[in-house]
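Every heavy atom of this structure was used, including side-chain atoms; hydrogens, water molecules and symmetry mates were not.
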Amino acid sequence: MMKISIIGSGYVGIVTGIGFAELGNEVIFVDIDESKINLINSAKPPIYERGLKELMQKNKERFYATIDYNEAINKSQITFICVGTPPNPDGSINLDYVKSAAEALGKALKNKKDFHTVVIKSTVLPGTTEDVVKPIIEKESGKEAFEEFGLASNPEFLREGNAVYDFFNPDRIVIGVKDEKSKEILEQLYNSFNCPKLITDIKTAEMIKYTSNAFLATKISFANEIGNICKKLGIDAYEVFKGVGLDHRINPSFFRAGIGFGGSCFPKDVKALIAKAEELGEDPKLLKAVIDVNEEQPLRLIELLKKHIPDLNGKTIGILGLAFKPDTDDIRESRAIPIVRILLNEGARVVAYDPKAMENFQNIFPQVDYAPSEKVLESDAVLIVTEWGEFKNLNYKGRIIIDGRRIEKAKEEARIYEGVCW
Ligand code: UGA
């Protein structure tokens with residue numbers, strides 16, 4: 001059993017913390033947001049994540065949240081920094097939250113006598129832990145890293161919506177360390193996991209995270225580019241990738257061609273890696289193409305729509321799905337955003353439905369009508385933007401459906417059906 005503190009209770013922090021609690025550890029969440037603290041202390045999830053609520057209820061004796069860094073650091077032996085690293089407008093990574101967490105943590109560490117390990121779980125570019133976080137903590141605490149306190153990188157590979165499952169079933173655990181004590185404590189913490197555990201130096205661990213996300217994003221853009229060619233040839237890209245994915249060197253997952261990737265990770269991380277590469281004097285051609293393909297992909301849905309309704313002005317267009325993927329209310333970088341923007345610009349009336357993300361979407365698009373799926377299906381044409389499970393059971397008979405995510409029932413039933421890559 002270990003005493004752990006977690007800074008930042010976004011989906012990575014809260015799932016990691018509750019996961020550790022389920023494994024028998026004691027966890028203290030530190031956050032600057034009072035409303036999040038109150039929710040956590042009443043064992044309620046601050047974000048929606050499948051299975052989280054149940055785990056919080058079950059383990060409520062093993063965790064609590066506070067605004068007080070001193071208390072959290074003094075009462076724990078290891079701290080995970082799990083704050084967000086959002087993109088700057090130029091695509092580079094914004095480290096403000098990481099820096100302020102390091103600063104507050106360093107101040108709290110100053111008065112602590114026992115050895116303490118600090119682990120960066122936030123996605124940060126290679127070099128950040130040692131070049132940015134380390135000097136801040138050293139300055140604020142007056143202590144020397146790797147001697148008087150430990151510092152490590154332990155990137156997460158959690159998918160939003162599947163984060164609880166992913167926490168308990170990782171493909172691998174990556175531990176980037178320099179000091180022996182932190183290595184031991186992290187190995188002990190992850191002792192009960194059976195997956196491969198990779199011990200590297202700190203910046204290699206940071207790079208593994210970026211490379212994983214960049215490769216997955218590349219796989220999707222590749223699938224989409226091939227899918228666009230397939231569409232012109234009258235070939236079903238899904239059948240093609242079934243055949244391709246059977247090669248064990250390639251693997252079948254992440255070949256779902258469609259309207260591209262969104263979310264808080266892939267677009268941001270690929271752009272940050274591009275910015276970093278350019279700063280180093282490299283021209284990352286492939287990574288730039290991954291972003292280009294991804295930005296054009298949603299426009300193809302509109303092109304296909306216009307094949308059937310050339311003038312969108314005054315027409316009612318339905319949207320099924322607003323979240324960046326199913327099982328989340330997150331709309332960050334959702335492909336629905338550029339699609340709805342174009343439709344509105346062209347004078348269409350937009351009626352949209354999403355099982356969880358309508359409220360978030362309404363904050364940026366108040367002019368859209370939000371309605372149940374049956375109502376959305378009555379529109380002049382309907383675009384499928386997110387592959388929610390419940391869309392597999394809708395009645396598409398007699399409708400014009402332009403599908404960006406491959407819903408088989410729509411393909412079989414619609415009066416007019418167009419798939420973006422099939
Ligand atoms: C992603 C990674 O999958 C996680 O391993 C990683 O930990 C996380 O980023 C992160 O860096 O924190 P996530 O963004 O939650 O997780 O979502 P994914 O399930 O990977 O989907 C990302 C986007 O790709 C979605 O918009 C999805 O619709 C799209 N996608 C995914 C496709 O278009 N085709 C596919 O075949 C797979």
Within 6.0 angstrom of [X] [atom1], more than 12 heavy atoms from elsewhere:
{"X": "Phe168", "atom1": "CZ", "answer": "yes"}
{"X": "Glu239", "atom1": "CD", "answer": "no"}
{"X": "Asn194", "atom1": "CG", "answer": "no"}
{"X": "Lys409", "atom1": "NZ", "answer": "yes"}
{"X": "Glu225", "atom1": "CD", "answer": "no"}
{"X": "Lys53", "atom1": "NZ", "answer": "no"}
{"X": "Asp171", "atom1": "CG", "answer": "no"}
{"X": "Leu344", "atom1": "CG", "answer": "yes"}

Does a donor on one side chain and an acceptor on the other come within less than 3.5 Å for [X] and [Y]?
{"X": "Tyr238", "Y": "Glu408", "result": "no"}
{"X": "Thr66", "Y": "Asp68", "result": "no"}
{"X": "Ser373", "Y": "Glu390", "result": "no"}

Between Asn395 and Glu374, does a side-chain hydrogen bond (donor to acceptor under 3.5 Å, both in side chains) hold up when you go through it step by step? CA-CA 8 Å; Asn395 182 357; Glu374 300 75 40; over 6 Å; no

Do [X] and [Y] sit within salt-bridge range, that is, some charged N less than 4.0 Å from a carboxylate O?
{"X": "Glu278", "Y": "Lys288", "result": "yes"}
{"X": "Arg415", "Y": "Glu413", "result": "no"}
{"X": "Asp236", "Y": "Lys242", "result": "no"}
{"X": "Lys411", "Y": "Asp403", "result": "no"}
{"X": "Lys107", "Y": "Glu103", "result": "yes"}
{"X": "Lys209", "Y": "Glu156", "result": "yes"}
{"X": "Lys58", "Y": "Glu22", "result": "yes"}
{"X": "Glu71", "Y": "Lys75", "result": "yes"}

Could you walk me through whether Asp166 and Arg159 pass the side-chain contact (heavy atoms from CB on, under 4.5 Å) test, one step at a time? CA-CA 7 Å; Asp166 287 349; Arg159 289 165 300 171; 2.7 Å; yes

Quick one: does [X]'s side chain get under 4.5 Å of [Y]'s, heavy atoms only?
{"X": "Val12", "Y": "Phe80", "value": "no"}
{"X": "Ser379", "Y": "Ile317", "value": "no"}
{"X": "Thr85", "Y": "Lys268", "value": "yes"}
{"X": "Ile81", "Y": "Tyr97", "value": "no"}

Taking the six-membered ring of Tyr165 as reference, does the cationic atom of Arg50 (NZ for Lys, CZ for Arg) lie under 6.0 Å from its centre and within 45° of its axis?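 No, cation not above the ring by the 6.0 Å, 45° rule.
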
Under the salt bridge (charged side-chain N to carboxylate O under 4.0 Å, His left out) test against Glu418, which residue among Lys231, Arg300, Lys306 passes?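 Exactly one option meets the salt bridge (charged side-chain N to carboxylate O under 4.0 Å, His left out) with Glu418, and it is Lys231.
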
Taking the six-membered ring for Trp, is the centroid-to-centroid distance between Phe20 and Tyr190 below 6.0 Å?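 Judged by ring-centre distance (under 6.0 Å), Phe20 and Tyr190 do meet the cut-off.
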
Flag the pair Tyr396 / Tyr417 as yes when their ring centroid distance falls below 6.0 Å, and as no otherwise.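 No, too far apart.
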
For the side chain of [X] and the backbone of [Y], is there at least one donor-acceptor N/O pair under 3.5 Å apart?
{"X": "Glu346", "Y": "Asn313", "answer": "no"}
{"X": "Glu333", "Y": "Phe261", "answer": "no"}
{"X": "Ser334", "Y": "Asp330", "answer": "no"}
{"X": "Ser153", "Y": "Gly176", "answer": "no"}
{"X": "Asp329", "Y": "Lys356", "answer": "no"}

Walk me through whether Ile401 and Leu377 qualify under side-chain contact (heavy atoms from CB on, under 4.5 Å). CA-CA 9 Å; Ile401 304 289; Leu377 281 164; 4.2 Å; yes

In a check of ring pair (Phe, Tyr, Trp, His ring centres under 6.0 Å) between Phe241 and each of Phe255, Trp422, Phe254, which one passes?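 Single pass found, and it is Phe255.
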
Among Leu95, Ile93, Ile120, which one satisfies side-chain contact (heavy atoms from CB on, under 4.5 Å) with Thr128?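 Checked Leu95, Ile93, Ile120 against Thr128; only one passes side-chain contact (heavy atoms from CB on, under 4.5 Å): Leu95.
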
Check the pair Glu303, Lys232 against salt bridge (Lys or Arg N to Asp or Glu O under 4.0 Å), reporting the backbone distance first and the verdict last. CA-CA 13 Å; Glu303 268 172 39; Lys232 292 263 159 75; 6.0 Å; no

Between Ile14 and Lys36, does the side-chain contact (heavy atoms from CB on, under 4.5 Å) criterion hold? Intermediate values first, please. CA-CA 10 Å; Ile14 192 81; Lys36 270 191 187 168; over 6 Å; no

Test log, rule ring pair (Phe, Tyr, Trp, His ring centres under 6.0 Å), inputs Phe193 and Phe167: CA-CA 10 Å; Phe193 289 84; Phe167 177 86; 5.8 Å; yes

Testing the basics here: between Ala336 and Gly321, what is the closest heavy-atom pair and its distance to 0.1 Å?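 Looks like CB-O, 4.1 Å.
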
Might you work through the salt bridge (Lys or Arg N to Asp or Glu O under 4.0 Å) test for Lys203 and Asp131, ending with a clear yes or no? CA-CA 10 Å; Lys203 63 179 186 228; Asp131 300 342; over 6 Å; no

Would you check, one step at a time, whether the test side-chain contact (heavy atoms from CB on, under 4.5 Å) holds for Arg405 with Phe391? CA-CA 11 Å; Arg405 297 292 185 192; Phe391 296 167; over 6 Å; no

